[in-house]
Amino acid sequence: MQAQIMKANLHQDPFVAPKLISAFSICHQMPLAVKIFNQIQEPNVHLYNTLMRAFAHNSQYSAAFSTFFDLQENVLFPDNYTYPILLKACCSGGPSHLLLRQVQMIHTHIEKFGFYSDIFVPNSLIDTYSKCGKLGIVSAMKVFDSMPERDTVSWNSMITGFIKMGKLEDAHKLFDKMPYRDMVSWNSMLDGFVKAGDMNSAFQLFQTMPDRNIVSWSTMVWGYCKIGDMDMAKFLFEKMPVKNLVPWTIIISGYAEKGCAKEAFSLYDRMERAGLRPDDATLISILAACAESGLFSLGKKIHLKIKRSKFRHSIQVCNALIDMYAKCGDLSDASSVFEEMTERNVVTWNTLLQGLAMHGNCEKALSFFSRMTREGIEPDGVTFVSVLSSCSHAGLVDEGRHYFSLLKRDYGSALQVEHYGCMVDLLGRGGHLKEAFELIKTMPMEPNAIIWGTLLGACRMHSNVELAEEVVDRLVQLEPKDAGSLAIFSNIYAAAGDWDGVAKVRSKMRDVYKQPGASSIEIDDEVHEFRVSDTAHPESSRIYHMVDRLKQHLEQVGYVPRAHC
DNA sequence: ATAGGGTTAG
């Protein structure tokens, strides 16, 4: 109705069309936005920019680009707004491996048209370049250096770019050099320390800052949650003067990730009593934390809340639900969430597929994959990781080879290191060590530590000491600090009865601390965590008694344990 | 330009 009234004014008032286009863009109604645009006989640069921004907002980056070319064909010149919008469009929805090249192309355009002098343009170039990985940050720095004048935004963009890349020292250098620091500069630096896990430096900076806002406080709370110091996180959370959904989300997810159901739930109630309604990010964060720690009870309660809210229609929220159920081992509820969804994306399919694969339902996973292709869903790299690892767990070597060649033939652009990892695992487990080794040699990318580690695991399984030695050499080059691979290696020597070899490896391992793995289970709202040789649990002796009984039973039915040291 | 967000092999 309102739209009709506005349409009537379309040609009288030049501000109606941009408003309509933006409105349709927010509601993801791009065809309608395009229709409005086409009704204007002589669109000006402003209107082109509006349409481009609308496409960018809807992740239609190629449409944004062709709008840009249309603009030039109509003998119009891009203005200072055009390029930042175009740069933003590249980041939203464009393929990430082409991002750098796109940005370079736009950069060339900018230099040709000479809009470089407006500080807004190079600032967004810096920002976009720093999203393009290592090469991008170099170009960003070049732009930064070539600027005749810089404002605080230029400095801040450069600093956040370095922090995103994990280059804390470079960021710090710029931070020290900049003539004026605002809230964003301080907060970015704080974020840098937090991301590096250095909470001591972060706290120091937090205290030195001339001023602190809600972002600074939230960053601190988040940092302490990440290192598991919930006391400190809670202390700062209670102390912060103003709270919004973000810190609430952080603290609730923090407790959920630690497995503290009671604390997480009482905080959730407090948040609602404070009059804050969770948004999709809150729900997704909490569900992800539940999935991580296996906090089924809280996840289920969140599901009940979602069922009664508008978020039951959100694809992302439902994906998080499926993942939570799958990771907690409840595949039937995971499937029902999937079936009840009216709209799905690849991630939805991948999440359930991965859940099926993870719990060893290989046949179900493979038939789910064929249902996926039947329903015309384009599988991506993640899909194939699940498919291949399913084959690997079920020992289906031929099927694995088949899917791998399918991947290479039809979805070559999705081929990743991970797939080689799956194939090496599959072939290695099946005893085809040589074939696995040859496959690694043909890889189009550099094999990483995971690849070699997988092959090493297979060498242990089949007691192949010679190949293992060769593999360990490469592994130590790639990850000299990794004790896990050395542990496997010493097991190989142990299995072969080579105790000198074991001693040699053990001495290498001495100064490398291995973070022990842990498993956890939730019973009656409480999470129980277990590590190797752990006697911390109050019912420890009964648990070990049960484990012994299971071992006996396994040995009765023919299980032979592998060598352990 | 700064805080929370879905799927990835051993």
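Just so we're on the same page: letters track the sequence lines, and every chain starts at 1. Model, not experiment: these values are computed from the prediction.
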Review point. Per the atom types in the model, does the base of B:dG5 pair as donor or acceptor with the side chain of A:Asp280 at under 3.5 Å?
Key: yes
Exercise for review: Identify whether any heavy atom of A:Ala458 sits under 4.0 Å from a base atom; if not, whether one sits that close to sugar-phosphate; answer base, sugar-phosphate or nothing.
Suggested key: nothing
Review point. Per the atom types in the model, does the base of B:dG6 pair as donor or acceptor with the side chain of A:Asn350 at under 3.5 Å?
Key: no
Exercise for review: Using a 4.0 Å heavy-atom cut-off across all strands, classify A:Asp182 as base, sugar-phosphate, or nothing.
Suggested key: base
Validation: residues 442-449 of chain A side-chain donor-acceptor distances under 3.5 Å, sequence neighbours left out:
{"unit_1": "A:Thr442", "atom_1": "OG1", "unit_2": "A:Leu439", "atom_2": "O", "d": "2.8"}
{"unit_1": "A:Asn448", "atom_1": "OD1", "unit_2": "A:Ile450", "atom_2": "N", "d": "3.1"}
{"unit_1": "A:Asn448", "atom_1": "OD1", "unit_2": "A:Ile451", "atom_2": "N", "d": "3.0"}

Review point. Any ion pair linking A:Glu263 and A:Lys258 (charged N to carboxylate O, less than 4.0 Å)?
Key: no
Point to revise | Candidate nucleotides B:dT2, B:dA3, B:dA9, ranked by approach to the side chain of A:Ser218 - the nearest | key: B:dA3
Point to revise | Close residues, residues 311-323 of chain A, relative to DNA chain B [heavy-atom separation under 4.0 Å] | key: A:Gln316, A:Asn319, A:Asp323
**Study point:** Interatomic distance where CE belongs to A:Met372 and C1' belongs to B:dT7 [whole Å]
**Key:** 10 Å
Check your understanding: Could you state the CG-C1' distance from A:Leu353 to B:dG6, rounded to the nearest angstrom?
Key -> 15 Å
**Study point:** Salt bridge flag under 4.0 Å for residues A:Glu292 and A:Lys327
**Key:** no
Practice item. Check the distance between B:dT2's C1' and A:Met240's CE and give it to me in whole angstrom. Key: 14 Å
Review point. On a plain distance test, is the side chain of A:Ser157 in donor-acceptor contact with the base of B:dA1 below 3.5 Å?
Key: no
**Study point:** For A:Phe206, ring-ring contact (aromatic ring centres under 6.0 Å, His included) partners two or more places apart
**Key:** A:Trp217
Check your understanding: Quick one: are A:Lys88 and A:Thr128 in side-chain contact, heavy atoms under 4.5 Å?
Key -> no
Practice item. Measure from the side chain of A:Gln354, starting at C-beta and using heavy atoms only, and say which of B:dA3, B:dA1, B:dT7 lies closest. Key: B:dT7
Review point. Are OP1 or OP2 of B:dT8 and a side-chain N or O of A:Gln416 less than 4.0 angstrom apart?
Key: no
Review point. How many Å lie between CG on A:Leu388 and C1' on B:dG10, as a whole number?
Key: 15 Å
Check your understanding: Between B:dT7, B:dA3, B:dT2, which nucleotide has the shortest distance from any of its atoms to the side chain of A:Ile214?
Key -> B:dA3
Check your understanding: Under the 3.5 Å rule, do the base of B:dG5 and the side chain of A:Ser285 count as making a donor-acceptor pair?
Key -> no
Practice item. Please examine the side chains of A:Tyr224 and A:Phe235, heavy atoms only from C-beta on, and report whether any two atoms are closer than 4.5 Å. Key: no
Check your understanding: For the side chain of A:Asn244 and the base of B:dA3, is some donor closer than 3.5 Å to an acceptor across the two?
Key -> yes
Practice item. Inspect the contact between A:Glu339 and A:Arg371 and indicate whether a charged nitrogen and a carboxylate oxygen are less than 4.0 angstrom apart. Key: yes
Practice item. Give A:Thr282 one of three labels, base, sugar-phosphate or nothing, depending on what nucleic acid heavy atoms sit under 4.0 Å from its own. Key: base
Revision key, fill the gap. Rounded to whole Å, CG of A:Leu287 lies from P of B:dG4 at a distance of 18 Å
Exercise for review: Would you state whether a donor and an acceptor, one from the side chain of A:Asp279 and one from the base of B:dG5, lie under 3.5 Å apart?
Suggested key: no
Practice item. Between B:dT8, B:dT2, B:dG10, spot the one nearest the side chain of A:Val382, thanks. Key: B:dT8
**Study point:** Whole-Å distance separating the CD atom of A:Glu257 from the P atom of B:dG4
**Key:** 13 Å
Practice item. For A:Arg344 and A:Ile315, indicate whether the former's side chain and the latter's backbone hold a donor-acceptor pair under 3.5 Å. Key: no
Review point. From the list B:dT7, B:dG4, B:dG10, which nucleotide is the closest neighbour of the side chain of A:Val246?
Key: B:dG4
Review point. Do you know the tightest heavy-atom contact between A:Cys318 and A:Arg312?
Key: SG-O, 3.4 Å
Review point. Side-chain donor or acceptor of A:Thr351 under 3.5 Å from a matching atom on the base of B:dG6?
Key: no
Exercise for review: Mind calculating the distance between CE (A:Met445) and P (B:dT8) to the nearest angstrom?
Suggested key: 19 Å
Review point. Between atom CD1 in A:Ile163 and atom C1' in B:dA3, what is the gap in whole Å?
Key: 13 Å
